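Working notes, beginning with the structure itself.
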Amino acid sequence: MKKIVLLGASGSIGTQTIDVVKHHDDEFMIVAVSIGHNVKKLEELLVDLPHLKAICVANHEDMLYFQDKYPNYEYYDGDEGLKALASLDDYDIFVNAVVGFRGLVPLLCAIEHDKVIALANKESLVCGGELVKKALKEHPVPIYPIDSEHSAIFQCLACGKKNEVDKLIVTASGGSFRDYSREDLANVSVKQALNHPNWNMGGRITIDSATMMNKAFEVIEAHYLFDIPFEKIDVLIHRESIIHSMVQYIDHSIIAQLGSADMRIPIQVALGYPNRYDMPQSEPLDFLSIGSLHFEKASFERYPLLSLAYEVGAKKGNLGTIINGADEEAVSLFLKEKISFLDIETSIFEAIKNVPFISDPSLDDIVESDRLARVFVRSLWKGE
Ligand code: MG
C-alpha cells in the first residue's frame, strides 16, 4: 500500500486524485490532506477517506472548529501547515495539487524528506525551477507529472534515450478564444473565458489556457521536468486535445500519447508508476467518434504571453516568479471583473518592466519577487 499526502484536496485535481484512490484502495491510501477554505468538503472527506490522519486548513478558526468537533485527527493551518504535511515521516507519495505560488515551499520540503513527488503544481517549477533542481541534486527523488502534456511526454520518453530526443512537441488546445482575433478579445466576458472547449478545470488554469500563459508555463515545466533545452521544446495547437503531447526522436520517429481529456489518466500514471491500473470509471477513447485531428501554428503574435516561456529560458533568475505573481494577481482581478481580458497581458508585461530582475535568486528573493509582482499589479489597476 502506498501512503499519500494530498495537498489541494478540494480542487479539480485533488477531487480526481481521490476518485483514483477510491477505485484502487488496495494500492493507495490517503493519510493527509490540505483543503484550503473549502471546509464543507472536509466534512465529506472525513467520511470518504478512512485512513486519514492529518489535516491542514487555510484558517486558524476553521482548524479550531474541526479540532473541537473531530478530535481524532492531527490538525495544521496556513502555509506552515502545508510544510508540516510535506514533512510528515510516514508516507510515500507527495501529491502537490495546490494552485499557485504557495506550492513551491511544500514541494521543496517533500523533496528534502526524500518523498516520491506527483506534481500538479506547475508554478513551483515556473518560479523555483532552479531551487528544485538544486534540491534534487541532494535528494534525487522522482517527480512524476500530473499535467496531461507532461504525463504524455513522460510516457513517450520511455521509447528512447535522452540523447536521442530531437524535440518535445507540447500540444495546446488554444483555449476558450482560439477562434477569436486579437480585436475580438477586447470585450470578452469572464463567463466566456471560463468556457474551455475540451477540459473541465479550475478557474485560474482555464483563464491561463485562454491567454496561453498556461502553455508558456508548461514549456518551462517541461524544461525542468525532463532537462531538455528550451530550443528543443515546441508548441503546436491541436484543437481536439486528443494527442496530449509528443516526442520526436533524432531518427524522425514521433511518439505520441493519446487519450480522452480525463485527468484521472495522468494522475493514475503518476501514482502507479511503473505499473498501470484499470480505469473502470471511464470509457476508452473512440477514434470513430473523433473522425479527424487538426494542427495549427502557435503564433507569438496571436499569443504574446507564449513568447515569455522562451524569455524565461534565456534569462531565468526571478523572471518566472515575476510573470507568475503578476498573472495570479491579474487573473484574480479579471475573475472579479475589475480588469478586462487583455489587461491580464498588460499586467504581466508591465510587471516584467517594473519589478527588479535578480539573476541568481535565493528562496527569500523568490518569495519577495512574488510579493512585489502582486503589489505592482494591484497598484497598476487601483481605481479601475
Ligand atoms: Mg496541461
Side-chain angles (χ1 to χ4, degrees), residues 7-8 11 13 96-108 110-111 117-136 143 145-151 153 168 170 172 201-202 204-230 233 235 245 303-332 344-345 347-349 351-352 355 357-363 365-374 376-377:
L7 260 51
I13 297 293
N96 190 342
V98 293
V99 178
F101 179 75
R102 62 163 33 92
L104 171 61
V105 171
L107 171 65
L108 292 170
I111 293 173
I117 311 290
L119 186 65
N121 175 268
K122 63 191 75 170
E123 295 88 344
S124 47
L125 292 179
V126 170
C127 303
E130 294 295 320
L131 297 174
V132 171
K133 226 164 121 175
K134 261 184 224 162
L136 288 174
I143 300 188
I146 302 184
D147 198 339
S148 60
E149 295 79 359
H150 304 79
S151 179
I153 292 167
L168 310 183
V170 179
M201 308 179 286
R204 177 174 180 226
I205 192 171
T206 305
I207 304 300
D208 280 348
S209 298
T211 60
M212 216 52 130
M213 186 78 267
N214 180 56
K215 208 48 60 178
F217 288 162
E218 290 184 345
V219 169
I220 302 169
E221 187 187 2
H223 165 76
Y224 284 110
L225 282 171
F226 307 117
D227 192 26
I228 298 286
F230 281 82
I233 308 174
V235 174
S245 277
Y303 297 107
L305 292 181
L306 187 57
S307 71
L308 291 179
Y310 300 92
E311 209 172 305
V312 169
K315 287 178 79 177
K316 298 203 169 153
N318 64 340
L319 186 58
T321 307
I322 298 171
I323 293 169
N324 179 69
D327 179 64
E328 283 192 30
E329 209 57 46
V331 169
S332 142
I344 300 173
E345 276 175 21
S347 305
I348 295 164
F349 284 108
I352 293 169
V355 178
F357 177 71
I358 304 171
S359 59
D360 187 19
S362 65
L363 179 57
D365 293 332
I366 297 269
V367 171
E368 179 61 6
S369 303
D370 173 67
R371 192 188 69 82
L372 289 176
R374 289 163 193 274
F376 173 79
V377 170

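What you are looking at is a predicted structure, and each value in this text was computed from that prediction instead of being measured. Nothing fancy with the numbering, it's 1 onward along the sequence.
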Taking only residues at least two apart or on different chains, which pairs with a member in residues 212-230 satisfy salt bridge (charged side-chain N to carboxylate O under 4.0 Å, His left out)?
K122-E218, E149-K215, K162-D227, K215-E218
Close side-chain approach of [X] and [Y], heavy atoms under 4.5 Å:
{"X": "V126", "Y": "I323", "value": "no"}
{"X": "N121", "Y": "V99", "value": "no"}
{"X": "L363", "Y": "L104", "value": "yes"}
{"X": "V132", "Y": "Y224", "value": "no"}
{"X": "E329", "Y": "S347", "value": "no"}
{"X": "E311", "Y": "L308", "value": "yes"}
{"X": "I358", "Y": "S369", "value": "yes"}
{"X": "Y303", "Y": "M213", "value": "no"}

I348 and side-chain contact (heavy atoms from CB on, under 4.5 Å): which partner among I322, D327, T211?
D327
Just one of I13, L107, L7 clears the side-chain contact (heavy atoms from CB on, under 4.5 Å) bar with V98, so which one?
L7
Nearest heavy-atom pair of [X] and [Y]: which atoms, and what distance?
{"X": "A120", "Y": "A97", "value": "CB-CA, 4.0 Å"}
{"X": "M212", "Y": "A172", "value": "CE-CB, 4.0 Å"}
{"X": "A373", "Y": "A326", "value": "CB-N, 3.8 Å"}
{"X": "A110", "Y": "I117", "value": "CB-CD1, 3.8 Å"}
{"X": "C127", "Y": "F101", "value": "SG-CD1, 3.6 Å"}
{"X": "A135", "Y": "L108", "value": "CB-CD2, 4.1 Å"}

How long is the gap from [atom1] on [X] to [atom2] on [Y], to the nearest 0.5 Å?
{"X": "F217", "Y": "L305", "atom1": "CZ", "atom2": "CG", "value": "8.5 Å"}
{"X": "N96", "Y": "S124", "atom1": "CG", "atom2": "OG", "value": "5.5 Å"}
{"X": "I111", "Y": "L119", "atom1": "CD1", "atom2": "CG", "value": "8.5 Å"}
{"X": "L225", "Y": "I220", "atom1": "CG", "atom2": "CD1", "value": "12.0 Å"}

Tell me if the CZ atom of R374 is crowded by more than 12 foreign heavy atoms within 6.0 Å.
yes
Treating [X] as the side-chain partner and [Y] as the backbone partner, does any N or O pair qualify as donor plus acceptor under 3.5 Å?
{"X": "S151", "Y": "S148", "answer": "no"}
{"X": "E123", "Y": "N324", "answer": "no"}
{"X": "D208", "Y": "I205", "answer": "no"}

Residues which pass ring-ring contact (aromatic ring centres under 6.0 Å, His included) with F230, listed by chain and number, not counting sequence neighbours:
H223
Applying ring-ring contact (aromatic ring centres under 6.0 Å, His included) to Y310 and not counting sequence neighbours gives F300
Carefully, step by step, assess I207 and I344 under the rule side-chain contact (heavy atoms from CB on, under 4.5 Å).
CA-CA 10 Å; I207 304 300; I344 300 173; 3.7 Å; yes
